[in-house]
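Here is the structure we will look at.
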Amino acid sequence: MKILVVGSGGREHAILWKLKQSPRVKELYCAPGNGGISEIARLVPIGATDVEGITSFARENRIDLVVVAPDDPLAAGMVDALADAGIRAFGPDRKAAMIESSKVFAKNLMKKYNIPTARYEVFDNSDEAREYIKTVPFPVVVKADGLALGKGVIICNNEKEALDAVSAIMEERKFGQAGKRIVIEEYMTGPEVSVLAFTDGKTIVPMVSSQDHKRAYDGDKGLNTGGMGTLAPSRYYTEDIHKKCMETIYLPTINAMKSEGRPFKGVLFFGLMLTNDGPKVLEYNARFGDPEAQVVLPLLENDLLEIFEAIIDGKLDTINIRWKQSAAVCVVLASGGYPEKYEKGYEIKGLDKAAENPDIIIFHAGTKKEKGKFLTNGGRVLGVTAIAENLDNARQKAYAAVSCISFKDMHYRKDIGIK
Ligand code: AMP
Ligand code: GLY
């Protein structure tokens, strides 16, 4: 089979790395990809949000399956366009992807179907939002409705911060159209866990749990990033919590989407907070997480292609999904200055030495290959994943591999995998 994966980050590298192990995969393509991906797939110079470009390429090159990995093309209806052109595509259609692309939609869905989440109000008028803020306890969370590169969530410790957040999102339109409406919600506390799940809209199979480290610096200090590292499985996610989530969150969510005429086929990502009142939904994503995919996929025993096809065909119930009884830790190596200003184009050294241990997988994100050398080409540059029998050993192995790698101004957290 000929498969095209849309996207260019570490998540896409992990999906391709796993697909490559399938005996039925003959040719892999990636649009637009990155330096590391070019070692296992043909790079196609088409942007990940270019719906028309991707559709034409897939048609002209007789691609058998397109995997749409990032949020924006899913929200823009890339899967719908591919299906209309008669091309098999993996991922939710536009109507189902709304569970991520509109926080207002997601919150209203949870309210209607009694799925546990933070209490909230929705506003499309900034004066009304300001009046409401005078009545709430702090901290409070202000969220832009639409996609905002993970930056549209502002935790406000007092009234002034909340009023400023409303102005920034709704009036200055810091996140563009995403800020036409906002959600103001109750602040929750507790450990955060990511649970990704395979679903064909009827059956849902949660993957091994994971945890992201979103802040830039050790001890969860500094700005929010796309994710500085992950671990799987989470130490907090017990069998009892899993059962509770299955009953109160996972099944009710896919049934709600079905009832609304928006059956969700693809990977549904539950961002959970384990509060004293039980697990609650922080957010939904309509795709694999990045860097969650870099720890979850290496623990999957099955052929990923078979799972993708079963989901598209509505036959997920026929597959027995199995996980390695191991743990994984992924440490992200970023450009100095990320998530703010950073330089690109520095040579990356030590990759071969770092990958000598067979329990290490290096996933590329912001890299490019030039004249046989890998150069930095983005904020998050690499994800170094280690597999071991438990989290502590995985962590040690990951950092041993990291110590082999260097590039100018390289920055990474030293505490991934501890919490
Ligand atoms: P989101 O993009 O909705 O996951 O929000 C980004 C981050 O903001 C989450 O990972 C949480 O750490 C935090 N967050 C979002 N909503 C809340 C909430 N209601 N209470 C506390 N923290 C929150
Ligand atoms: N790591 C969080 C996300 O992919 O949204």
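In listed order, ligands and their atoms are each counted from 1.
- One finds the CG atom of N285 at 8.5 Å from the CG atom of L196 (value rounded to the nearest 0.5 Å).
- Here the shortest heavy-atom distance to atom 7 (C) of ligand 1, taken over V281, T117, V153, V140, belongs to V153.
- Taking every heavy atom of D212 and a limit of under 4.0 angstrom, the matching atoms of ligand 2 come to 1 (N), 2 (C).
- Considering K103, R119, K107 as possible partners of E185, the one that fulfils the salt bridge (Lys or Arg N to Asp or Glu O under 4.0 Å) test is K107.
- The aromatic rings of F363 and W17 sit perpendicular to each other, their planes meeting at more than 60°, with 30° as the lower class boundary.
- Using the six-membered ring where Trp is involved, F198 and F308 have ring planes that are perpendicular, over 60° apart on the 30 and 60° scheme.
- Under the 4.0 angstrom criterion for non-hydrogen atoms, G289 is in contact with ligand 2.
- Residue C330 comes nearest to T385 through the heavy atom pair CB-OG1, 3.5 Å, listed as atom of the first residue, atom of the second, then distance.
- Nearest to atom 22 (N) of ligand 1 among the protein's heavy atoms is I155 CD1, 3.9 Å.
- Residue contact check: Y187 has heavy atoms under 4.0 Å from atoms 20 (N), 21 (C) of ligand 1.
- Residue A398 comes nearest to V331 through the heavy atom pair CB-CG2, 4.1 Å, listed as atom of the first residue, atom of the second, then distance.
- Checking M228, R11, R380 one by one against P291, the side chain to side chain contact (heavy atoms under 4.5 Å, CB included) holds for a single residue, R380.
- In N285, the part holding a heavy atom less than 4.0 Å from any atom of ligand 2 is the side chain.
- Considering all non-hydrogen atoms of both residues, A394 and A327 come closest at CB-O, 4.0 Å.
- Looking only at protein heavy atoms, the nearest one to atom 5 (O) of ligand 2 is R287 NH2, 2.9 Å.
- The two atoms that bring V281 and T117 nearest to each other are O-OG1, 2.8 Å, heavy atoms only.
- Looking at E292 against ligand 2, only its side chain comes within 4.0 Å, counting heavy atoms.
- Close approach of ligand 1 to K103 (heavy-atom distance below 4.0 Å) involves ligand atoms 2 (O), 3 (O).
- Considering backbone and side-chain N/O atoms, K143 comes within less than 3.5 Å of an N/O atom of ligand 1.
- A perpendicular orientation is assigned to the rings of Y237 and H242, their planes being inclined by more than 60° (bins at 30° and 60°).
- Of the protein's non-hydrogen atoms, the one nearest atom 11 (C) of ligand 1 is E192 OE2, 3.3 Å.
- Heavy-atom distances between G226 and ligand 2 reach below 4.0 Å in at least one pair.
- Taking the charged nitrogens against the carboxylate oxygens, K221 and D218 have no contact shorter than 4.0 Å, which rules out a salt bridge.
- Looking from atom 23 (C) of ligand 1 to the surrounding protein, the closest heavy atom is L282 CD2, 3.7 Å.
- Taking all heavy atoms of M273, E100, E185 into account, the minimum distance to atom 19 (N) of ligand 1 is reached by E185.
- Looking at K214, E283, M188 and measuring to atom 21 (C) of ligand 1, the nearest heavy atom belongs to M188.
- Applying the 4.0 Å criterion to heavy atoms of E186 picks out, from ligand 1, the atoms 18 (C), 19 (N), 20 (N).
- Below 3.5 Å of separation, one finds an N or O of D290 facing an N or O of ligand 2.
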